[in-house]
**Q** 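I'd like to ask you about the structure that follows.
In what follows, every chain begins at residue 1, and chains take the letters A, B, ... in the order their sequences are listed. This is a predicted model, so every value here is computed, not measured.
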Amino acid sequence: LADFVQLLIIGLLAGGIYAAVGVGFSLVWGVLNIVNLAHGALVIVGGYLTWQIFTAWGLDPFLTLPIDALLLFGIGYAVQRGVINRIIRAPLLFTFLLTFGLNLIAVNLLLLIFKSDYRSVTTAYSGSGLELGSIVIPYVRLAALGVALLMAAALALMLNRTRVGLAIQAVGADRDAAQLVGIDLRHAYAVTYGLGAACAGVAGGLIAMIQAITPTAGEPYTLQAFVVVILGGLGRVSATVVGGLAFGLVEAFGQSIPGSGSVFANAIAFGVMVLVLVTRPQGLMGRLR
Amino acid sequence: MMRTSRSRRWNRVLTGLALAVLAYAVLAPLTSLDSAQALGLPLLADKLWFRLATITAMFVVMATAWNIIGGLTGYAAFGNVAFFGIGAYTTGMLIAKGKWPFLLALPLSPFAAAAFAALIGLPLLRLRGHYFAVASLGVGVAVGELVQNLDFRGEPIFGGASGLFLPIFAVPDRDLLFFYLMLAAAATSVAATWAVLRSRFGYGLIAIRENEEAAAVIGVNTTAYKVAAFALAAALTGLAGGIFAQWNVFIDQENSFPIAYNIEMILMALLGGAGTLFGPAAGAVVLQLLIQFLSGSLPVTLNLPFVPEDAMPVVAQVVLGVLLAVVVIFAPRGVIDFFGGRSRFSLANLRQSLRETSI
């Protein structure tokens with residue numbers, strides 16, 4: 001049973017990170033109808049920001065998260081307004097390739113600036129954790145789960161309670177009707193992508209505290225974000241959080257099967273995804289649209 | 001009137017140019033034969049030339065094959081590198097573990113790749129749009145991972161992380177043979193596309209691309225057509241993989257399942273013009289030469305100020321990313337389209353294409 005509880009906890013903690021990575025991806029996909037292949041790159045940009053601020057000024061990594069969010073929002077807004085908006089009505093292959101190109105640019109610029117060395121954020125409290133019998137839960141991971149859930153809640157509140165949030169939802173539901181009632185589409189799209197990037201930045205900050213990062217470490221997160229959104233169902237923040245936690249659990253238990261292991265991480269992720277797509281295309285929590 | 005005669009002239013000049021380049025590429029290697037050297041002909045093709053030309057032909061195969069599923073059928077396949085890898089490992093395993101001769105093993109590569117494509121195509125091709133794109137990308141990643149890590153009683157089945165070594169194919173003028181083999185594969189791909197474009201099958205695929213429901217209504221068996229197109233693309237890609245395995249002598253996950261190939265073959269097809277006959281091949285030649293130039297593998301290299309030489313491959317990737325963005329934004333119908341195609345290269349045209357897709 002101790003093993004089971006341990007796997008459950010590992011899965012939920014990892015799931016928190018997946019949820020954090022997933023919410024921004026889900027927002028951009030749901031509203032802009034773009035599968036943002038640059039999402040993982042944005043995550044890692046957030047990670048490097050946290051690392052840079054922490055090493056240069058010694059600021060507590062959790063306090064860097066708002067800075068990540070703000071800066072990434074700015075980058076995301078500019079990228080959508082300046083580049084992606086120009087082909088937003090093109091067939092999906094084009095937005096797909098464009099975001100892949102942006103990913104290529106971002107990752108390789110990071111490689112030029114930071115080289116491919118592993119970087120990690122190690123604080124005084126990094127090693128310590130909460131002891132429950134034989135199980136140790138690192139404080140950092142616990143806090144990361146908390147931050148992820150907080151961020152998701154804040155995003156959900158914003159989407160449902162503020163004017164900007166409602167405008168974003170309106171644009172996602174019907175672009176032309178939204179324009180008719182006076183919503184500035186270009187601005188609304190850019191804000192949406194900016195919010196997605198900000199979420200990615202926070203997720204990246206959390207990831208930098210938990211594992212060592214390299215410029216190429218973001219790519220798996222793009223794929224995992226996709227699986228998370230499929231699992232939960234597209235359209236609502238809460239569904240993505242459920243998808244993230246579920247994916248964390250699937251991964252934790254999947255890797256504990258004898259003969260399996262972390263080398264099959266992608267194979268497990270995509271096995272799960274194809275299974276869900278074929279049997280329950282609307283996701284665990286989703287409604288058919 | 002002006003415009004047609006002008007584009008027709010362009011067309012003629014470009015066709016002539018392309019034929020001349022092709023003739024040179026096909027004939028130049030012959031000067032490396034001993035008999036040609038004995039006759040005192042100048043050596044037009046050395047080791048570097050063969051390497052470059054063979055790789056370029058390989059990408060012509062991949063881009064042209066992708067065009068069948070991506071360009072004609074309109075299904076954005078992002079995992080075609082899986083077929084390349086399966087082709088490479090089929091030939092590789094048969095030769096290295098089964099001790100088969102190369103020429104007997106190679107024909108099985110396209111069959112293995114096509115069988116795999118049919119198998120995964122049945123569930124995957126039910127998905128549309130983004131779902132198909134990412135699911136196929138996932139297959140591309142997962143197959144490479146499985147090939148590297150699958151064990152049987154503690155022994156890696158496919159050579160594991162250390163890869164597979166093949167015995168060298170011992171014939172004289174090996175470079176020449178592999179170049180012509182790859183060239184034949186490229187010609188086969190273009191010929192297959194030509195045959196498809198002229199057939200009922202091809203019209204069915206284009207109908208699926210334009211409107212799948214309508215295609216089904218007029219009696220196209222969409223599932224069978226899609227799976228067949230996917231399998232045909234896989235067979236051609238697998239053939240290139242099989243030739244690559246014996247040519248390169250060593251295969252592993254990194255050189256047989258590189259994710260970058262997925263994107264490069266699509267970019268090549270788009271650059272040249274997806275859905276056209278020669279577009280993907282032309283795009284492959286241009287882009288492959290550009291990639292080789294940027295990464296410094298050509299005799300002519302680029303020396304940028306402030307950029308150390310070892311950073312050039314990374315800079316090349318940045319340039320590739322920018323190119324991807326520029327092509328997608330400004331020339332969604334492909335660059336070839338500007339030469340003798342429907343549209344002329346002009347500011348008005350670029351603006352028009354932007355207006356169609358932006359908000």
**Q** Do you know which two heavy atoms are closest between B:V314 and A:N108, and how far apart they sit?
**A** CG1-O, 3.3 Å

**Q** Go through the steps for A:F94 and B:I329 under the test side chain to side chain contact (heavy atoms under 4.5 Å, CB included), then give the verdict.
**A** CA-CA 8 Å; A:F94 294 95; B:I329 292 174; over 6 Å; no

**Q** Under a 4.5 Å heavy-atom cut-off, does chain B meet the side chain of A:V83, its backbone, both or neither?
**A** both

**Q** What distance do A:L112 atom CG and B:Q317 atom CD have between them, rounded to the nearest 0.5 Å?
**A** 11.0 Å

**Q** Are B:V318 and A:L104 close enough that some pair of their side-chain heavy atoms sits under 4.5 Å apart?
**A** no

**Q** Might you confirm whether atom CD of B:E254 has over 12 heavy atoms from other residues, nucleotides or ligands at distances under 6.0 Å?
**A** no

**Q** Give, as side chain, backbone, both or neither, the part of B:L124 having an atom under 4.5 angstrom from any heavy atom of chain A.
**A** side chain

**Q** Could you report the tightest heavy-atom contact between A:F96 and B:V134, atom names first, then the distance?
**A** CZ-CG2, 3.6 Å

**Q** Which distance, rounded to the nearest 0.5 Å, do you find between the CD1 of B:I263 and the CG of A:L97?
**A** 6.5 Å

**Q** Can you say whether A:N33 sits under 4.5 Å from chain B via the side chain, the backbone, both, or neither, judging by heavy atoms?
**A** both

**Q** Measuring heavy-atom distances to chain A, does B:L320 have an atom under 4.5 Å in its side chain, in its backbone, in both, or in neither?
**A** both

**Q** For A:F100, which atoms come within 4.5 Å of any heavy atom of chain B: side chain, backbone, both, or neither?
**A** both

**Q** Within the 4.5 Å heavy-atom criterion, are B:Y131 and A:I230 side-chain neighbours or not?
**A** yes

**Q** Which bit of B:V322 comes within less than 4.5 Å of chain A, counting heavy atoms only: side chain, backbone, both or neither?
**A** both

**Q** Would a 4.5 Å heavy-atom cut-off, applied to side chains only, mark A:F226 and B:L137 as touching?
**A** no

**Q** Counting only heavy atoms closer than 4.5 Å, note whether A:L223 contacts chain B via side chain, backbone, both or neither.
**A** side chain

**Q** In terms of heavy-atom proximity below 4.5 Å to chain A, should B:L146 be classed as side chain, backbone, both, or neither?
**A** both

